[in-house]
Amino acid sequence: WGLETEFERSVNKFAPKAKDYPKLEGGLIRLFKRQFRQFGLPSPGENDFMEWLAVMRHYGAPTRILDWTYSFYPALFFAVEEAKAESAVWALDTKWTDRQCKEKYPTEWKLVETDGSDPNARCFKTFKEVFLAKKSFVINMNSYNQNQRLVIQQGTFLCPGNIEASFEENLLALADGKSLDSNVVKYVITGDAEERREILKRLHRMNMNRATLFPGLDGFAQSLKTRILFPQLLLPDPKWQSWLEKKR
């Protein structure tokens, strides 16, 4: 995959018209909010759209935001974990995106910058003025309240300004159509299966696996897939096996 949001993949799959995307996004958020409370979980503020988008992504719903991390190692783990050929990790200079947004859209930037009036876009009015004005840009955003997984994975989100355009089109708009080479880097990871296994082994020794990145029973259970990389820890010790057979 290139740099695509889950919302982008979903609408491309079912091929609605781009002009309908803002209404579709609003409908998805509205439906999620209406159904969310029945699960007995803490809810974001009614109009805190950025936090609602973060919660939606947490549970796998299609949104305009794209998951990123400040740490290379979780990114590498997710790139390699289920890869069957070459994979890649993308790196983006968010200082550059901040500078470009500030220069091109000073009014919108002033609303959501760190020292702005609403840095986490906690008010719908801010979200509407910045992200529903159909202005093409990409900005580093996060919700004010962060869940456990987001903290552990050192996660953050990149949010495109114009949902009718693709994420990459929003990004290119900051460069005025010029090359992104100096601000976006793609690290291609080998397609060799043995080398991928070695990468996962080393990441595991750094405590980088599903059990740590997704705390809870589901993460632990999923982490057992990569534990197979260490058969010596799973297969019975010959001495123990011999003792067990004698006991029988």
Side-chain angles (χ1 to χ4, degrees), residues 1-8 25 29 44 48-58 61-76 78-79 88-176 178-187 213:
W1 286 333
L3 296 175
E4 290 181 311
T5 66
E6 194 63 36
F7 179 86
E8 192 177 337
E25 179 187 41
I29 296 173
D48 191 345
F49 271 44
M50 189 54 61
E51 191 165 341
W52 277 111
L53 290 178
V55 174
M56 289 174 72
R57 281 305 305 136
H58 178 74
T63 69
R64 72 161 69 201
I65 56 178
L66 193 60
D67 306 71
W68 289 70
T69 173
Y70 291 108
S71 174
F72 175 73
Y73 302 105
L76 180 61
F78 290 126
V89 171
W90 293 84
L92 174 69
D93 182 2
T94 53
K95 290 182 179 179
W96 170 76
T97 58
D98 286 351
R99 287 196 304 270
Q100 294 300 100
C101 286
K102 184 176 182 179
E103 179 182 323
K104 291 177 177 295
Y105 304 109
T107 302
E108 289 76 13
W109 170 257
K110 191 172 183 179
L111 288 171
V112 296
E113 67 172 324
T114 304
D115 299 323
S117 59
D118 193 6
N120 300 101
R122 302 188 71 184
C123 300
F124 175 66
K125 182 176 183 293
T126 304
F127 185 85
K128 182 178 180 180
E129 290 180 7
V130 177
F131 298 106
L132 296 181
K134 298 183 182 180
K135 295 179 180 178
S136 296
F137 59 85
V138 169
I139 191 170
N140 186 25
M141 293 292 294
N142 224 324
S143 60
Y144 179 76
N145 295 303
Q146 299 186 2
N147 59 56
Q148 187 182 36
R149 290 182 184 178
L150 199 61
V151 173
I152 290 173
Q153 297 172 15
Q154 299 186 48
T156 186
F157 300 108
L158 292 183
C159 189
N162 183 6
I163 200 171
E164 293 185 20
S166 70
F167 183 91
E168 292 186 359
E169 287 170 340
N170 275 271
L171 192 57
L172 282 168
L174 288 180
D176 296 318
K178 299 176 183 177
S179 172
L180 294 168
D181 288 351
S182 59
N183 300 298
V184 180
V185 178
K186 180 182 180 182
Y187 297 96
L213 293 170

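Please read all numbers here as calculations on a predicted model, not as lab measurements.
- With a 4.5 Å cut-off on side-chain heavy atoms, Val138 and Asn170 count as touching.
- Note: Lys128 NZ to Cys123 SG = 13.5 Å, rounded to the nearest 0.5 Å.
- The shortest distance between side-chain heavy atoms of Glu129 and Thr107 does not fall below 4.5 Å.
- Proximity of Thr5 to Thr63: side-chain heavy atoms (C-beta onward) are nowhere separated by under 4.5 Å.
- Side-chain polar atoms of Glu51 and Asn145 form a donor-acceptor pair below 3.5 angstrom.
- For the atom pair CD1 of Ile152 and CZ of Arg149, the computed distance is 9.5 Å after rounding to the nearest 0.5 Å.
- The distance from atom CG of Leu171 to atom CD of Glu169, rounded to the nearest 0.5 Å, is 11.0 Å.
- In this structure, the side chains of Pro160 and Glu8 stay at 4.5 Å or more apart for every pair of heavy atoms.
- Nearest heavy atoms, Gln153 versus Leu213: NE2-O, 2.9 Å.
- Summarising the geometry, atom CG belonging to Leu180 is positioned 11.5 Å from atom CG belonging to Asp93; distances are rounded to the nearest 0.5 Å.
- Between Leu158 and Phe167, the closest side-chain pair of non-hydrogen atoms falls below 4.5 Å.
- Two residues are said to be in side-chain contact when any heavy atoms from C-beta on lie closer than 4.5 Å; Thr69 and Phe78 fail this criterion.
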> Hey, mind stepping through Glu103 and Gln100 against side chain to side chain contact (heavy atoms under 4.5 Å, CB included) and telling me if it holds?
Replying inline: CA-CA 5 Å; Glu103 179 182 323; Gln100 294 300 100; 4.2 Å; yes
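- Shortest non-hydrogen contact noted between Pro119 and Gly116 is CD-O, 3.7 Å.
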> Could you walk me through whether Val151 and Gln146 pass the side chain to side chain contact (heavy atoms under 4.5 Å, CB included) check?
Replying inline: CA-CA 7 Å; Val151 173; Gln146 299 186 2; 3.9 Å; yes
> Trp96 and Leu174: side chain to side chain contact (heavy atoms under 4.5 Å, CB included), yes or no, with the steps?
Replying inline: CA-CA 9 Å; Trp96 170 76; Leu174 288 180; 3.8 Å; yes
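- Among all heavy-atom pairs drawn from Ala79 and Ala88, the shortest one is CB-O, 3.5 Å.
- Side-chain contact between Arg122 and Thr126 is absent, with no heavy atoms from C-beta onward closer than 4.5 Å.
- Ring geometry for Phe127 against Phe124 counts as parallel: the plane angle stays under 30°, on a 0 to 90° scale with 60° as the upper cut.
- Contact check for Leu3 versus Lys186: no side-chain heavy atoms found under the 4.5 Å cut-off.
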> Is there a side chain to side chain contact (heavy atoms under 4.5 Å, CB included) between Lys110 and Ser117 once you walk through the steps?
Replying inline: CA-CA 7 Å; Lys110 191 172 183 179; Ser117 59; over 6 Å; no
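- Using modelled atom types and a 3.5 Å distance limit, the side chains of Thr97 and Asn140 yield no donor-acceptor pair.
- Closest non-hydrogen pair, Cys159 versus Met141, comes out as CB-CG, 4.1 Å.
- Between the side chain of Asn142 and the backbone N or O of Phe157 there is no donor-acceptor pair closer than 3.5 Å.
- Remark: Glu108 engages Lys135 in a salt bridge, criterion side-chain N to carboxylate O under 4.0 Å.
- With hydrogens and angles ignored, the 3.5 Å screen pairs a side-chain donor or acceptor of Arg64 with a backbone N or O of Phe131.
- The aromatic rings of Tyr187 and Phe72 sit perpendicular, their planes meeting at an angle over 60°, well past the 30° parallel limit.
- A distance of 8.0 Å separates CG in Leu132 from CZ in Phe49, rounded to the nearest 0.5 Å.
- In this structure a side-chain-to-backbone donor-acceptor pair under 3.5 Å is missing from Asn147 to His58.
- Atom CD1 of Ile65 and atom OG1 of Thr156 lie 9.0 Å apart (nearest 0.5 Å).
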